[in-house]
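Because the structure is a prediction, the values reported are computed rather than measured.
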Amino acid sequence: MVFPLFSINSSPPAAPKVCNSVKVAIIHYWLVGMRGGEKVVEALCEMYPQADIFTHVYVPEMVSDRIRQHHIIPTFINSLPRAARMYKTYLPLMPLALEQLDLRGYDLIISSESGPDAVHVCYCHTPMRYIWNMYHDYRNRAGRVARLMMPPLTHYLRMWDVSSAARVDSFVANSATVAKRIQRYYGADSVVIHPAVDTTAFSIAPPSELGDYYLMAGELVSYKRPDLAVRAFNEMQLKLVVIGGGEMLDEVRRLAGPTVTVMGAQPFDVLKQHYARCRALIFPGEEDFGMVPVEAMASGRPVVAFGRGGATETVATGVSGVFFAEQTVEAISSAVRSLATIEIDPEKIAAHASQFGRDQFFQKMRAHIDGLLAEKSRVH
């Protein structure tokens, strides 16, 4: 399905300009926590404080005050058994639920569905992995019943997804990587506007406070390949700190040798301190954009990243980090060693990261949306 999701961090120092006369609807698939996608809803709420929010599943106590201040309309999926925890199980019902939304009367819709007279802007985090580029990976890891059901369900969801994409007036991709997928799967052009990172929320630690450890941070899921980083640091016998929760947390703890410390999920202040004091961030997975490398660079620290996906657009070789070409233990180890050959200038690294800040995002998104609304006004 066409996602309007992108990642964003904590509140900016100043709110962007808003236009309260435009009637806006925001569609977000589920509001059950405050991860990257929900942070984007906060940003959109900041841009459009008058917006209504449509979602499949809504758990009020799990989202921020800013989101709760808006009028939130859940679909019928919200009333299904254990929806708050099993919302992904109801994926096949989501097209039906979206088609029942009454979005007439809105001037602007940032969503996966739109009414006939609205301008529909889709900020695309990525075409859904479950049914497109990572379908075979998910199917191979699924249980026996799920493997049998996935082919017909995926065929149905792909047809609906493509027809839904045809109703989008303008795609905005969060990276050039995602722009290529939009063209491949939907046959549509897109504008690339990188998602906002609150780079001002991070700071550079003085040299006397730098640690002797490397850092891996983020959700521990299979496609991000945390196992590779742990195995590499086990072999190199270098210190690695792992921060993050997720389905692979227990497995990562089992893999960890004596030099690897697995902390699990941690508050933002703890993560921020580790960003600033680590020798470098290790980023072994392929991400659509990847906020974590930008956050580390905003803290003045270099990145050792897999050379595919969004990291290739954010990490500057020889300035803010190095890449490895293959997802292997040997390639990670070689890249970590090669980091010693580049000059680490924390101020330059942080300055490089600042181009992905919130102000730039708001300016570009506002200009793009205002242009679309103006064009619609001229036509009508």
Side-chain angles (χ1 to χ4, degrees), residues 7 9 33-36 39 137 141 197 201-202 205 209-311 314-315 320-324 326-339 344 349 353:
S7 299
N9 242 333
M34 288 303 300
R35 295 168 59 188
K39 294 293 178 95
D137 293 326
R141 294 196 303 268
V197 180
F202 302 91
E209 294 183 10
L210 292 179
D212 61 350
Y213 64 91
Y214 294 80
L215 176 68
M216 179 171 63
E219 188 178 15
L220 302 177
V221 292
S222 58
Y223 79 89
K224 297 189 179 187
R225 299 310 308 271
D227 55 307
L228 283 179
V230 172
R231 288 191 173 99
F233 278 80
N234 285 345
E235 186 175 288
M236 291 186 289
Q237 296 185 349
L238 294 176
K239 290 182 181 179
L240 176 69
V241 172
V242 180
I243 294 180
E247 62 190 36
M248 287 188 67
L249 178 59
D250 290 341
E251 179 180 344
V252 168
R253 282 181 168 147
R254 287 194 299 270
L255 287 173
T259 64
V260 177
T261 301
V262 183
M263 298 179 64
Q266 294 293 318
F268 175 71
D269 285 345
V270 174
L271 175 61
K272 178 180 173 179
Q273 290 173 9
H274 280 79
Y275 274 143
R277 290 163 176 77
C278 69
R279 295 182 67 176
L281 176 82
I282 308 301
F283 196 68
E286 179 183 353
E287 292 274 14
D288 308 309
F289 173 74
M291 289 184 63
V292 168
V294 179
E295 292 175 344
M297 291 186 293
S299 307
R301 305 316 302 157
V303 177
V304 178
F306 180 44
R308 290 182 62 179
T314 59
V315 178
S320 65
V322 296
F323 292 107
F324 54 94
E326 298 178 344
Q327 287 178 308
T328 64
V329 167
E330 295 75 19
I332 292 176
S333 301
S334 177
V336 169
R337 290 191 294 269
S338 73
L339 193 65
I344 306 299
I349 294 173

Could you list the donor-acceptor pairs under 3.5 angstrom formed between side-chain atoms of residues 249-271 and any protein atom two or more places apart in sequence or on another chain?
residue, atom, partner, partner atom, Å
Thr259, OG1, Phe233, O, 3.4
Thr259, OG1, Leu238, O, 2.9
Gln266, NE2, Met263, O, 2.8

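- Counting heavy atoms from C-beta on, the side chains of Val336 and Phe324 never come closer than 4.5 Å.
- Ile332 places a side-chain heavy atom less than 4.5 Å from the side chain of Pro284.
- The one candidate from Glu247, Glu287, Glu286 that meets the salt bridge (charged side-chain N to carboxylate O under 4.0 Å, His left out) condition with Lys224 is Glu287.
- Cys278 has its side chain out of reach of Tyr214: every pair of non-hydrogen atoms, C-beta onward, lies at least 4.5 Å apart.
- Between Leu281 and Arg301 the shortest side-chain heavy-atom distance does not fall below 4.5 Å.
- Within 6.0 Å of CZ on Arg225 lie more than 12 heavy atoms contributed by other residues, nucleotides or ligands.
- Within 6.0 Å of the CD atom in Gln237, the count of heavy atoms belonging to other residues, nucleotides or ligands does not exceed 12.
- In this structure, CD1 in Ile282 is found 8.0 Å from CG in Leu339, a value given to the nearest 0.5 Å.
- Counting heavy atoms from C-beta on, the side chains of Arg277 and Tyr213 come closer than 4.5 Å.
- Taking 4.5 Å as the limit, some side-chain heavy atom of Val197 sits within range of a side-chain heavy atom of Glu295.
- The environment of NZ in Lys272 is crowded: more than 12 heavy-atom neighbours from other residues, nucleotides or ligands sit within 6.0 Å.
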